[in-house]
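Atoms within each ligand, like the ligands themselves, are counted from 1 in listed order.
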Amino acid sequence: RGTMTVGEMAKALHKDASEVIKKLLFLGVMATINQELDLDAIQLLASDYGVEVELKIPVEEDKFEQFEEKDEEEDLMERPPVVTIMGHVDHGKTTLLDAIRKTNVTEGEAGGITQHIGAYQVETHGKKITFLDTPGHEAFTSMRARGAQVTDITIIVVAADDGVMPQTIEAIAHAKAAKVPIIVAVNKIDKPDSNPDRIKQELTEYELVPEEWGGDTIFCNISAKQRIGLENLLDMILLVAEVQEYKANPNKRARGTVIEAELDKGKGPVARVLIQHGTLKVGDSFVAGVCFGRVRAMVNDKGKKLKEAGPSTPVEITGLTEVPQAGDPFLAFEDERKARAIAEKRAITLRQSEMGANSRVTLDDLYKQI
Ligand code: GTP
Ligand code: MG
């Protein structure tokens, strides 16, 4: 897809077009002055001139913050931490989440593999913790990456009978990129061939060093299956939450993120949303990604009907006109017309960027370094 013409590129580089054409020819690209260069050619050319190219493709940005009411320090109140469980395939993520909820999710799932990001809330010592269940397969990496954006704390599950695996490393990278605290749950310690100390040793290579070895990473030895060490794990989550002081203003319009969404035969489009700021109420108008809606009904993870939901609460809502996408931003509006207009505008912007009309590299996007 074309992004910038040879002429524009020459101008950006402060070079003669003819010189750039010659250089391109030398690099194996035949081009005329009005020809659009692809990203590879631009990159190649730029590096040949010792110039660094920074690509800024103006995709549909999350501009929801601009509509959100600003918070004063005194508006902020404690909210439950949002915890994501990550780790390699079969290391026990679903079993752990399941054990924490004391229900049985693994058996009901197709092939025992988690297909979606589900969200649940549990209560311990009178404090709530919100969990996001993330799938473990490579194919869901991007979804998991989005999962990390809504999360406060990442639990990395490593099977003590297996060790640090590619998706363990990936999970660490995601958590580090999202700058969220990591708690390592060394799982399957009930297995005779498990070796928790080896896991600790292996993880020091990734700068996850346990406190007893002079580091600051919390390690919990657990057995999700035998339900060993789970209380301690929950306590450690609350400890991290206490230190980090997660807060939000519950007294404003809701903002959050779509965790998953689908078309339900009976209910129509259904979205599972994590409320992150404010409070969502039945009857509120909202925008979810490029979709518009009005909360018709709202239930929590236990299937209980709610009239309203505050920060860190995962809810399932109906009343959408379309099915939004996992990871879509969500924002409630007082004004239904405004919500509809914004959803429509976002839909148009998205279509344009998909058609490439927005993905042209502008001159401002080229930075001369030398
Ligand atoms: P994916 O969703 O496929 O990535 O896997 P997962 O990480 O969710 O693993 P899951 O919870 O499905 O567990 C995989 C297998 O390990 C299952 O057979 C579990 O019963 C088993 N398992 C999980 N935790 C433990 C544990 O603490 N001890 C033992 N012995 N087995 C466990
Ligand atoms: Mg699973």
request  = Have a look at His91, His88, Lys188, Lys225 and point out the one with the heavy atom closest to atom 15 (C) of ligand 1.
outcome  = Lys188
message = Whether the side chain of Arg296 engages the backbone of Leu320 through a donor-acceptor N/O pair (distance < 3.5 Å, no angle test) should be reported.
response = no
key: Trace of the side chain to side chain contact (heavy atoms under 4.5 Å, CB included) decision for Tyr49 with Lys23   = CA-CA 10 Å; Tyr49 280 113; Lys23 180 77 89 182; 3.8 Å; yes
ask   = So Arg340 and Glu344, salt bridge (charged side-chain N to carboxylate O under 4.0 Å, His left out) or not? Walk me through it.
value = CA-CA 6 Å; Arg340 196 185 289 270; Glu344 278 164 9; 5.2 Å; no
task = With heavy atoms of Thr95 as the reference, note each atom of ligand 1 found under 4.0 Å away.
result = 10 (P), 11 (O), 13 (O), 19 (C), 23 (C), 24 (N)
message = Between ligand 1 and Lys191, is the shortest N or O to N or O distance under 3.5 Å?
response = no
request  = Kindly determine whether Asn187 and His91 satisfy side chain to side chain donor-acceptor pair (under 3.5 Å), including the steps that lead there.
outcome  = CA-CA 7 Å; Asn187 191 29; His91 279 197; over 6 Å; no
request  = May I ask you to check whether Ala224 has an N/O atom sitting below 3.5 Å from an N/O atom of ligand 1?
outcome  = yes
ask   = Are any of the N or O atoms of Val89 closer than 3.5 Å to those of ligand 1?
value = no
query = Does the Ser194 side chain pair with the main chain of Ala160, one donor and one acceptor, at a distance under 3.5 Å?
reply = no
request  = List the atom of Ala339, the atom of Val287, and the distance in Å for their closest heavy-atom pair.
outcome  = O-CG2, 3.1 Å
query = Could Glu242 and Lys127 be called an ion pair, given the rule that one side-chain N must be under 4.0 Å from one carboxylate O?
reply = no
inquiry  = I'd like to know if the Mg ion (ligand 2) has an N/O/S atom from Thr95 within less than 2.8 Å of it, counting both backbone and side-chain atoms.
reply    = no
key: Asp90 neighbourhood, listing ligand 1 atoms whose heavy-atom distance to it stays under 4.0 Å   = 1 (P), 3 (O), 4 (O), 5 (O), 6 (P), 7 (O), 9 (O), 14 (C), 16 (O)
note = In ligand 1, the atoms that come under 4.0 Å of a heavy atom of Thr94 are 2 (O), 6 (P), 8 (O), 11 (O)
message = Check contact between Gln226 and ligand 1, using heavy atoms of the residue and a distance below 4.0 angstrom.
response = no
